[in-house]
Amino acid sequence: MNLGLQGKRALVTGSSSGIGAGIAKTLAAEGVSVVVHGRNVGRVSAVVDEIRQRDATAVAVIGDLASEDGAAAVAEAAASEFGGIDILVNNAGGPSDTEVQSWFALPVSEWGVTYQRNVLSAGYLIHALAPAMKENRWGRIIQIASAAGIIPTSGQPDYGPSKAAMINMSMGLSKALAGSGVTVNTVMPGMIMTKGLRDFLRVFAERRGWGDDLDRAAQYVLKGTGQTVHRIGQVDDVAYAVAMLASPKADFFNGMNLHVDGGGTSSIY
């Protein structure tokens, strides 16, 4: 199926590795001119080179989204590369750098760091890029949230709520942009095989005396997720969902939170 993305222009934040890199590569394969973003020049350049080797179009933009000025500089650089941005994928984010996972041991001041990385950085870029999309009468804003946004844990008072805020923000923004030709949706990944999950599974296996048997660790962990699809999610699963929502053919999807979790979320919405 031709998604009709040829000639569109996208900024995928945090796309130097993991899910973001997968999204950038998939969009590029569909004919999108992609801005690969990150803070590490080497990693960003590696993704750009891989895309170009496949005869697709990509450029690098380096920048920190921690402040409004930094995000505005990233948005301006991205838009100038291709004369505008049609698709914004807010993928950059994550928890604060602390290793503390406890509702009461994690200082409330650290919560703000996590909210900045997930919520404020997305908001800065939306403010910078959505007006031009609205003026052009077409655009796609896609937030990458997490199943933690609707399935809270006892150990993360910051990360899950920040992702819940992104889901809520998408719905509100879709209403604010009603009738403009710009849609806003959330993609909510569950357990996806990224470097972070591999590292977790490696430690999990070692602690149980399973050596480096990551498959055994994965199957054990999988049993506790409640998933109805019995495999670990892959980066491509998320990337395909984003490409679908970015497509002109998806203009009837708006304000939606798309679960990409193998059926692991036990809620209707």
Side-chain angles (χ1 to χ4, degrees), residues 10-15 17-24 26-27 37 65 71 87-96 101 111-127 129-130 139-153 155-177 182-197 225-227 229 232-246 250 253-269:
L11 166 61
V12 183
T13 66
S15 48
S17 63
I19 288 174
I23 292 169
T26 297
L27 290 176
H37 161 264
L65 305 177
I87 301 163
L88 169 62
V89 182
N90 280 317
N91 170 75
S96 70
Q101 292 196 359
W111 299 11
V113 176
T114 304
Y115 271 78
Q116 184 283 320
R117 290 184 176 181
N118 295 287
V119 183
L120 300 188
S121 64
Y124 293 149
L125 290 169
I126 290 166
H127 270 224
L129 296 172
R140 297 287 184 263
I141 298 172
I142 301 169
Q143 323 271 42
I144 307 301
S146 165
I150 62 173
I151 306 177
T153 69
Q156 289 185 308
D158 55 338
Y159 180 70
S162 74
K163 290 299 187 178
M166 292 185 76
I167 296 168
N168 187 290
M169 179 169 65
S170 293
M171 173 66 83
L173 182 58
S174 72
K175 295 177 179 180
L177 292 170
V182 183
T183 63
V184 188
N185 291 291
T186 304
V187 171
M188 192 186 77
M191 189 164 58
I192 305 296
M193 189 60 80
T194 60
K195 181 183 181 299
L197 180 57
T225 65
Q227 280 189 205
V229 177
I232 301 293
Q234 300 299 313
V235 167
D236 281 349
D237 294 319
V238 182
Y240 295 150
V242 171
M244 183 272 290
L245 289 174
F253 296 97
N254 203 13
M256 180 177 66
N257 179 25
L258 180 60
H259 299 199
V260 185
D261 61 358
T265 304
S266 55
S267 67
I268 295 173
Y269 187 69

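In this structure a side-chain-to-backbone donor-acceptor pair under 3.5 Å is missing from Gln143 to Met169. Remark: the backbone N or O of Pro95 is paired with a side-chain donor or acceptor of Arg117 at under 3.5 angstrom. Between the side chain of Ser174 and the backbone N or O of Asn254 there is no donor-acceptor pair closer than 3.5 Å. Side chain of Gln227 to backbone of Val229: a donor-acceptor contact under 3.5 angstrom is found. Of the possible polar contacts, none joining the Asp261 side chain to the Pro189 backbone as a donor-acceptor pair under 3.5 Å is found. Side-chain atoms of Thr13 come within 3.5 Å of backbone atoms of Ala92 as a donor-acceptor pair (strictly under, hydrogens ignored). The backbone N or O of Ile144 lies less than 3.5 Å from a partner atom in the side chain of Lys163, making a donor-acceptor pair.
Looking at Leu177 and Ile141, their side chains come closer than 4.5 Å, going by heavy atoms from C-beta outward. Put simply, the side chain of Val182 does not reach to within 4.5 Å of the side chain of Arg140, judged on heavy atoms. Residues Leu88 and Ile126 form a side-chain contact, since some pair of their non-hydrogen atoms from C-beta on lies under 4.5 Å apart. Using a 4.5 Å heavy-atom threshold, the side chains of Ile142 and Asn90 count as separate. Counting only heavy atoms from C-beta outward, the side chains of Ile150 and His259 approach each other to under 4.5 Å. Taking 4.5 Å as the limit, some side-chain heavy atom of Thr225 sits within range of a side-chain heavy atom of Met191. Within the 4.5 Å cutoff, the side chain of Leu11 has no heavy atoms near those of the Val89 side chain.
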Evaluate Asn257 against Thr186 for side-chain hydrogen bond (donor to acceptor under 3.5 Å, both in side chains), listing each step before the verdict. CA-CA 5 Å; Asn257 179 25; Thr186 304; 4.8 Å; no

Using the side chain to side chain contact (heavy atoms under 4.5 Å, CB included) rule, take Thr26 and Tyr240 through it: C-alpha gap first, then chi angles, then the decisive distance, then the call. CA-CA 7 Å; Thr26 297; Tyr240 295 150; 4.0 Å; yes

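Remark: Asp237 engages Arg231 in a side chain to side chain donor-acceptor pair (under 3.5 Å) (not counting sequence neighbours). In terms of the side chain to side chain contact (heavy atoms under 4.5 Å, CB included) criterion, residue partners of Ala148 (sequence neighbours excluded) are, by chain and number, Ser146, Tyr159. Not counting sequence neighbours, the partners of Ile151 by the side chain to side chain contact (heavy atoms under 4.5 Å, CB included) test are Thr265. When the side chain to side chain donor-acceptor pair (under 3.5 Å) test is applied to Ser162, the partners found at least two apart in sequence or on another chain are Asn118. Legend: residues meeting salt bridge (Lys or Arg N to Asp or Glu O under 4.0 Å) with Lys195, ordered by chain and number and at least two apart, are Asp199. Partners of Asn185 according to the side chain to side chain contact (heavy atoms under 4.5 Å, CB included) rule, which considers only residues two or more places apart in sequence or in another chain, are Thr183, Leu245, Phe253, Met256.
Among all heavy-atom pairs drawn from Leu258 and Ala241, the shortest one is CD2-CB, 3.8 Å. A pairwise comparison of heavy atoms in Gly255 and Met171 identifies O-CE, 3.3 Å as the closest pair. Residue Val260 comes nearest to Ile192 through the heavy atom pair O-CD1, 4.2 Å, listed as atom of the first residue, atom of the second, then distance. In terms of heavy-atom proximity, Ala250 sits nearest to Met244 at CB-O, 3.1 Å. Contact record, Ile167 with Ala145: CG1-CB, 3.8 Å, taken as the closest heavy-atom pair. Ala24 and Ser15 make their closest contact through CB-CB, 4.1 Å (heavy atoms, listed as atom of the first residue, atom of the second, distance).
A distance of 7.0 Å separates CD of Gln101 from OG1 of Thr153, quoted to the nearest 0.5 Å.
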